[in-house]
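Sequence lines set the chain letters: A, B, ... in the order given, protein chains first and strands last, and positions in each chain run from 1.
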Protein chains: 2
Amino acid sequence: MQLNLRIQMNESLYLRDPESTELGQRIIQNSIELINELGFEGFTFKKLGEYMGTTEASIYRYFENKHRLLTYLVSWYWSWLEYRIIILTQNMNDPREQLNRVVELLSRKIKDDISTTYINEELLQNIVIAEGSKSYLTKHVGQDNQYQFFKPFKELCARIADIIQACNKQYAYPKSLATTLLEMCHSHHYYKLHLPSLTEFAKDKNDQELYSFMQILVNGSLNGANP
Amino acid sequence: MQLNLRIQMNESLYLRDPESTELGQRIIQNSIELINELGFEGFTFKKLGEYMGTTEASIYRYFENKHRLLTYLVSWYWSWLEYRIIILTQNMNDPREQLNRVVELLSRKIKDDISTTYINEELLQNIVIAEGSKSYLTKHVGQDNQYQFFKPFKELCARIADIIQACNKQYAYPKSLATTLLEMCHSHHYYKLHLPSLTEFAKDKNDQELYSFMQILVNGSLNGANP
DNA sequence: TTAAAAAAGATAGTAATACTATTGTAAATA
DNA sequence: TATTTACAATAGTATTACTATCTTTTTTAA
């Protein structure tokens with residue numbers, strides 16, 4: 001069975017919908033590979049054209065520039081994560097259990113690659129870890145925010161914040177805690193790989209320790225607020 | 001009285017020591033202003049030359065490229081923060097009180113500008129908040145790490161981790177918690193300004209709420225681990 | 001089935017970026 | 001006084017980040 005999840009993307013992110021054509025889909029697939037190889041700074045549309053056997057000009061018909069493409073990829077990832085959280089928590093009633101499963105999902109690195117044909121979620125997660133923050137750390141963040149480019153991330157945060165709030169009605173900072181959880185899971189994956197002395201997780205193969213750290217962080221906040 | 005704090009910098013960060021000449025000091029001062037204005041992507045040595053009335057070539061005699069300059073600035077900031085933490089905690093014996101003061105220092109935005117003539121710490125903090133992660137989110141992070149460019153950040157983390165560990169000998173993740181504290185304080189300052197729906201701190205003028213959030217996060221972790 | 005439209009390929013061109021190199025000159029130092 | 005050092009001035013190059021145009025191929029609609 002070939003499930004094909006289709007995520008509704010913000011139309012301002014692209015000039016031509018990459019999902020609508022074969023070339024568009026190949027741009028997505030190959031850009032994920034090439035950004036992983038070269039890093040976002042080293043990545044150019046010219047190189048991508050050569051890499052996938054098309055021209056720079058053809059890629060520019062789909063995306064205004066490489067930053068928009070990055071924002072597209074990152075934004076797709078957050079939507080996909082929210083979708084995974086929805087199916088993960090749908091048959092659970094206890095918000096504590098929901099939160100626990102969400103923390104686990106976020107702590108462990110993505111390994112599988114199911115729902116989509118041309119997107120490798122594992123590689124895409126690496127991009128979000130190493131390059132994701134560059135999508136909003138710009139001088140045009142206000143403009144991009146007006147275009148609603150960060151809506152998927154905000155919705156994901158809001159969903160997690162709702163679960164947090166359901167666990168403890170008194171807790172005052174559910175959104176901040178959700179953001180912290182999301183961001184720090186990714187950060188620690190990066191440190192683990194590249195700056196291992198910043199964390200305790202250097203040899204943490206299946207991310208059990210990171211999971212435990214995050215659990216304590218989240219539950220400690222929820223309990224500590226209202227002991 | 002004009003105190004002049006001199007921070008020992010890693011010599012591989014520059015080609016010629018910017019602290020040793022007037023032009024060098026002006027490069028530091030003006031680059032802090034211009035990166036704030038243009039953002040790191042929009043910033044170039046050519047523009048900096050025009051901005052401060054010198055030539056591109058002269059700036060290249062001090063720094064190999066703009067990324068090295070950014071790393072220099074960020075690295076200076078972490079050293080300066082560690083220095084502030086040292087003087088802040090030197091006459092305190094209770095690690096809980098030390099940690100509390102560190103959390104407060106990190107939660108509140110820098111307002112003053114004392115110890116140095118040509119470095120505006122408030123502006124520099126803005127750069128660290130908005131551009132700091134770009135100093136290590138690159139493909140050459142391994143190389144840069146070998147050059148010890150991230151040593152000031154690691155030392156600061158280690159110092160905070162030591163205080164955390166002193167608060168709770170049983171707690172298993174002092175380094176990860178220190179990293180989290182440092183990173184999230186900066187992140188939340190950015191969200192507050194640019195993506196306010198991601199936090200509860202939009203109208204948090206003197207960062208009292210952020211401070212409270214961080215206190216609960218840290219103390220919750222320390223208590224939750226060993227209730 | 002054919003006409004037209006849309007998509008993609010091919011090629012060229014431009015301004016800006018990220019440098020390197022060379023030469024001349026003023027100031028500091030030996 | 002000679003010489004190093006520091007900086008300014010200028011020029012030049014490869015690459016980046018695009019835009020434009022024209023042709024060919026593919027899709028779709030009458």
Side-chain angles (χ1 to χ4, degrees), chain A residues 11-31 34-35 37-73 118 131 134-135 137-140 143-144, chain B residues 11-31 34-35 37-73 118 131 134-135 137-140 143-144:
Chain A
E11 288 181 17
S12 301
L13 280 169
Y14 50 76
L15 300 171
R16 176 173 303 164
D17 184 0
E19 292 189 273
S20 70
T21 64
E22 202 225 314
L23 182 67
Q25 298 185 358
R26 292 208 303 124
I27 288 172
I28 301 302
Q29 181 180 12
N30 287 281
S31 67
L34 201 60
I35 292 172
E37 255 177 56
L38 306 177
F40 186 63
E41 279 72 40
F43 170 84
T44 69
F45 280 180
K46 183 141 190 248
K47 289 175 190 167
L48 178 60
E50 279 157 26
Y51 180 76
M52 59 183 275
T54 184
T55 61
E56 202 185 356
S58 297
I59 300 165
Y60 272 107
R61 288 201 191 93
Y62 282 85
F63 292 98
E64 225 173 294
N65 53 53
K66 69 174 186 172
H67 189 269
R68 283 285 164 94
L69 170 57
L70 177 68
T71 305
Y72 180 96
L73 295 176
Y118 59 92
E131 325 285 356
K134 295 170 189 168
S135 75
L137 293 177
T138 67
K139 273 287 157 180
H140 48 91
Q143 268 282 73
D144 288 1
Chain B
E11 289 181 17
S12 301
L13 280 169
Y14 50 75
L15 298 171
R16 175 173 303 165
D17 184 0
E19 291 190 273
S20 70
T21 65
E22 204 225 312
L23 183 66
Q25 298 185 359
R26 293 209 302 122
I27 288 172
I28 300 302
Q29 181 179 12
N30 287 282
S31 67
L34 201 59
I35 292 173
E37 256 177 56
L38 306 176
F40 185 63
E41 278 73 40
F43 171 84
T44 69
F45 280 179
K46 184 142 192 246
K47 288 175 189 167
L48 178 60
E50 280 157 24
Y51 181 75
M52 60 184 273
T54 186
T55 60
E56 202 185 0
S58 298
I59 300 164
Y60 273 107
R61 286 200 198 92
Y62 283 85
F63 291 98
E64 223 173 296
N65 52 55
K66 68 174 186 173
H67 188 269
R68 283 285 165 95
L69 170 57
L70 177 69
T71 305
Y72 180 96
L73 295 175
Y118 60 92
E131 325 284 356
K134 294 169 191 168
S135 75
L137 293 178
T138 67
K139 272 288 157 181
H140 47 91
Q143 268 282 72
D144 288 1

Exercise. To the nearest Å, give me how far apart CG (B/L15) and C1' (D/dA6) are.
Key: 14 Å
Quiz item: A/R61 or B/A57: which one's nearest nucleotide on DNA chain C is closer to the 5' end?
Solution: A/R61
Exercise. Could you state the atom-to-atom distance from CG of A/L48 to P of C/dA8 in whole Å?
Key: 14 Å
Quiz item: Base, sugar-phosphate, or nothing for B/F63, non-hydrogen atoms under 4.0 angstrom?
Solution: nothing
Quiz item: Closer than 4.0 Å, any side-chain N/O of B/K47 to the OP1 or OP2 of C/dT17?
Solution: yes
Quiz item: Under 4.0 Å between a side-chain N/O of B/Y62 and OP1 or OP2 of D/dA6, yes or no?
Solution: no
Self-check item: Contact check, side chains of A/M52 and A/L23, non-hydrogen atoms, under 4.5 Å
Solution: yes
Practice problem: Would you kindly give the OH-to-P distance between A/Y60 and C/dG13, to the nearest whole Å? | Solution: 18 Å
Quiz prompt | Out of C/dA8, C/dA18, D/dC18, whichever nucleotide has its closest atom nearest the side chain of B/T44 | solution = C/dA18
Quiz item: Between atom NE2 in A/H67 and atom P in D/dC18, what is the gap in whole Å?
Solution: 11 Å
Quiz item: When you check the phosphate oxygens OP1 and OP2 of D/dA9, does a side-chain N or O of B/T55 lie under 4.0 Å from one of them?
Solution: no
Self-check item: Phosphate OP1/OP2 of D/dA17: any A/K66 side-chain N/O under 4.0 Å
Solution: yes
Practice problem: Could you check if a side-chain atom of B/Y118 sits within less than 4.5 angstrom of a side-chain atom of B/I27, using non-hydrogen atoms only? | Solution: no
Quiz item: Could one point to a donor on the side chain of B/E64 or the base of C/dC19 with an acceptor on the other under 3.5 Å away?
Solution: no
Exercise. May I have the distance from A/K46 (atom NZ) to C/dA10 (atom C1'), rounded to whole angstrom?
Key: 13 Å
Quiz prompt | N/O (side chain, B/T54) to phosphate O (OP1/OP2, D/dA8) under 4.0 Å | solution = yes
Practice problem: Starting from P on C/dA7, measure out to CZ on A/R26 and report it in whole angstrom. | Solution: 16 Å
Quiz prompt | Nucleotide of C/dC19, D/dC18, D/dA8 approaching B/E56 most closely (side-chain heavy atoms) | solution = C/dC19
Quiz item: Does a salt bridge link B/E41 with A/K134, judged by any charged N lying under 4.0 Å from a carboxylate O?
Solution: no
Self-check item: Spacing between A/L38 atom CG and D/dT15 atom P, to the nearest angstrom
Solution: 15 Å
Quiz item: Does a side-chain N or O from B/R16 land closer than 4.0 Å to OP1 or OP2 of D/dT5, or not?
Solution: no
Quiz item: Within the structure shown, what part of the strands sits under 4.0 Å from B/F45 by heavy-atom distance: base, sugar-phosphate, or nothing?
Solution: nothing
Quiz prompt | Interatomic distance where CD1 belongs to B/I59 and P belongs to D/dA6 [whole Å] | solution = 17 Å
Self-check item: Mutual orientation of the aromatic rings belonging to A/F43 and A/F45 [parallel < 30°, tilted 30-60°, perpendicular > 60°]
Solution: perpendicular
Quiz item: Taking B/R68 for the side chain and B/S12 for the main chain, is one N or O donor matched with an acceptor at less than 3.5 Å?
Solution: yes
